[in-house]
Number of protein chains: 2
Amino acid sequence: MLLSKTCIYGLRASVLLAMRNEDQYVTIRELSDELEISFYFLTKVLQHMTKADILESYKGPNGGVRLAREAHEIRMMDVVKAIDGELSFKSCVMGQSECDMMNPCPLHSKWVELQTKMTSIMNGTTIEGLAKEMKGRSVKTLLEN
Amino acid sequence: MLLSKTCIYGLRASVLLAMRNEDQYVTIRELSDELEISFYFLTKVLQHMTKADILESYKGPNGGVRLAREAHEIRMMDVVKAIDGELSFKSCVMGQSECDMMNPCPLHSKWVELQTKMTSIMNGTTIEGLAKEMKGRSVKTLLEN
DNA sequence: TTAATAAAAGACAAAATAGTCTTGATTCTT
DNA sequence: AAGAATCAAGACTATTTTGTCTTTTATTAA
Ligand code: SF4
Ligand code: SF4
């Protein structure tokens, strides 16, 4: 599995926010209901995204969360980095941490290809892009389960 | 992380066995010492591989494990399937289980590309291939850590 | 100013993964 | 036959990830 569940939840929530295309705050309860994710857990996930300036939050009545930037300015990569961390893409696809790059393992070049492909997908895909493709579908369809 | 640690340990052990290029059994203790993996844990991992007919084991003095087939007949994929299970490659790269394929999510086609690439790497790489490239290096280099 | 609303923060619980150890079953050597 | 070597199997522990709940803080509205 490439992305953690945390990460997938974050993506789905941001796509849902983008689909609404409103400036108003949406409560996390509303998001968790629609996505059928645990409210408590989603709250945690979105806190990361708020800290990473992908979302803005507001407390109190009529409060909630909303995208901090235009949906077309938020790349999938931004969400992934905000949640799984900067490192998750600098390190080996296999999850290894320290390797002697002067003497890489026999799989290195192939893994790098994979990594490159994945990176380019995530950089080339914006939340807006995902949201557009989702129009007319249930949001559950985005990385459901 | 794409592969579990279990899986990586299994790969490393089988490459080490292939590098020895002997017909004799090698004790798990020897393998775990050289790979610097917990002996107990490696034992578990290799048990899976023995059940999957990738390794043969023999008890008692001069016993141990050895490759059940020629190293060039064992694909990386065989090891991965034996340990992480058949399903780990039929399912979504994202780790999702059930999706409506008539109505896939916006990322599906791109994930499939990734999956295809990964599958072809694993099918196209044999234990012998890895072992040859490792000659003259420390086996620790294969997916070290 | 008080009560209600909603996120933030932190404590707690459950599940999945990784790792350790003990006992039992074979096989060899003497 | 006895004892040592070695894998098999299962119980047990530790860590990480995922999920739940409670308390605190900020904000609005009456
Ligand atoms: S050398 Fe191998 S283990 Fe190290 S980063 Fe490259 S692919 Fe990963
Ligand atoms: S539709 Fe999306 S979630 Fe489902 S298998 Fe394809 S990529 Fe994975």
Side-chain angles (χ1 to χ4, degrees), chain A residues 1-13 17 24-33 35-68 80 83-85 87-88 94-97 143 145, chain B residues 1-13 17 24-33 35-68 83-85 87-88 91 94-97 143 145:
Chain A
M1 166 157 12
L2 269 85
L3 300 177
S4 63
K5 281 199 163 187
T6 324
C7 202
I8 290 172
Y9 293 166
L11 281 171
R12 291 178 59 204
L17 284 169
Q24 289 170 350
Y25 291 104
V26 179
T27 66
I28 299 178
R29 176 70 68 183
E30 238 183 297
L31 295 173
S32 70
D33 281 352
L35 296 169
E36 293 178 34
I37 298 174
S38 146
F39 163 74
Y40 296 120
F41 197 58
L42 187 59
T43 296
K44 291 287 175 209
V45 176
L46 299 193
Q47 276 174 22
H48 284 293
M49 293 172 65
T50 302
K51 279 179 189 159
D53 287 320
I54 292 173
L55 300 183
E56 286 173 347
S57 67
Y58 209 77
K59 292 176 183 170
N62 306 318
V65 295
R66 68 180 178 197
L67 297 180
V80 173
I83 295 172
D84 281 354
L87 292 148
S88 73
M94 308 283 291
Q96 305 316 304
S97 47
L143 300 172
N145 191 343
Chain B
M1 166 159 10
L2 269 83
L3 300 178
S4 62
K5 281 199 163 186
T6 323
C7 202
I8 290 171
Y9 293 166
L11 280 171
R12 291 178 59 202
L17 285 169
Q24 288 170 352
Y25 292 102
V26 179
T27 66
I28 299 177
R29 176 70 68 181
E30 240 182 296
L31 295 173
S32 70
D33 281 352
L35 297 170
E36 293 178 35
I37 299 173
S38 145
F39 163 74
Y40 296 121
F41 197 57
L42 187 59
T43 297
K44 290 289 176 207
V45 176
L46 300 192
Q47 277 173 20
H48 284 294
M49 293 172 66
T50 303
K51 279 179 189 158
D53 286 320
I54 291 173
L55 301 182
E56 287 172 344
S57 69
Y58 207 78
K59 290 175 184 172
N62 305 317
V65 295
R66 68 180 179 197
L67 297 179
I83 295 172
D84 280 354
L87 292 148
S88 73
S91 61
M94 307 283 291
Q96 306 315 304
S97 47
L143 300 171
N145 187 349

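Heavy atoms only: backbone and side chains are in, while hydrogens, waters and symmetry mates are out. Lettering follows sequence order; numbering is per chain, from 1.
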* Please state whether the phosphate of dT20(D), meaning OP1 or OP2, lies under 4.0 angstrom from any side-chain nitrogen or oxygen of S38(A). => yes
* Ignoring backbone atoms, establish whether S57(B) has a side-chain N or O less than 4.0 Å from OP1 or OP2 of dA8(D). => yes
Anything under 3.5 Å between a donor and an acceptor, one on a side chain of residues 47-63 of chain B, the other on a protein residue two or more places apart or in another chain? List them.
residue: T50(B); atom: OG1; partner: L46(B); partner atom: O; Å: 2.9
residue: E56(B); atom: OE1; partner: R66(B); partner atom: NE; Å: 2.9
residue: E56(B); atom: OE1; partner: R66(B); partner atom: NH2; Å: 3.2

* Taking ring pair (Phe, Tyr, Trp, His ring centres under 6.0 Å) as the test, write out the residues that go with F41(B), two or more places apart. => Y9(B)
* To do: Mind checking Y25(B) for me? I need base, sugar-phosphate or nothing, with any heavy atom below 4.0 Å counting as a touch.
  => nothing
* Pick out which of V45(A), L42(A), L11(A) makes a side-chain contact (heavy atoms from CB on, under 4.5 Å) with T6(A). => V45(A)
* Phosphate oxygens OP1/OP2 of dT22(D): is one of them under 4.0 Å from a side-chain N or O of Y40(A)? -> no
* To do: Pick base, sugar-phosphate or nothing for T43(B), based on heavy-atom distances below 4.0 Å to the nucleic acid.
  => nothing
* Would you classify L46(B) as touching base, sugar-phosphate or nothing, given that sugar-phosphate means primed atoms plus P, OP1 and OP2, and contacts are heavy atoms under 4.0 Å? => nothing
* Asked: On DNA chain C, nearest-nucleotide positions of T27(A) versus K59(B): which is more 5'?
  -> T27(A)
* **First of Y58(A) and I37(A) reached from the 5' end of DNA chain D, by closest nucleotide** => I37(A)
* **N/O (side chain, Y9(B)) to phosphate O (OP1/OP2, dG19(C)) under 4.0 Å** => yes
Do any N or O atoms of the protein come closer than 3.5 Å to N or O atoms of nucleotides 11-17 of chain D, and which pairs are they?
none

* With sugar-phosphate meaning primed atoms plus P, OP1 and OP2, does G60(B) contact a base, only sugar-phosphate, or nothing at under 4.0 Å between heavy atoms? -> base
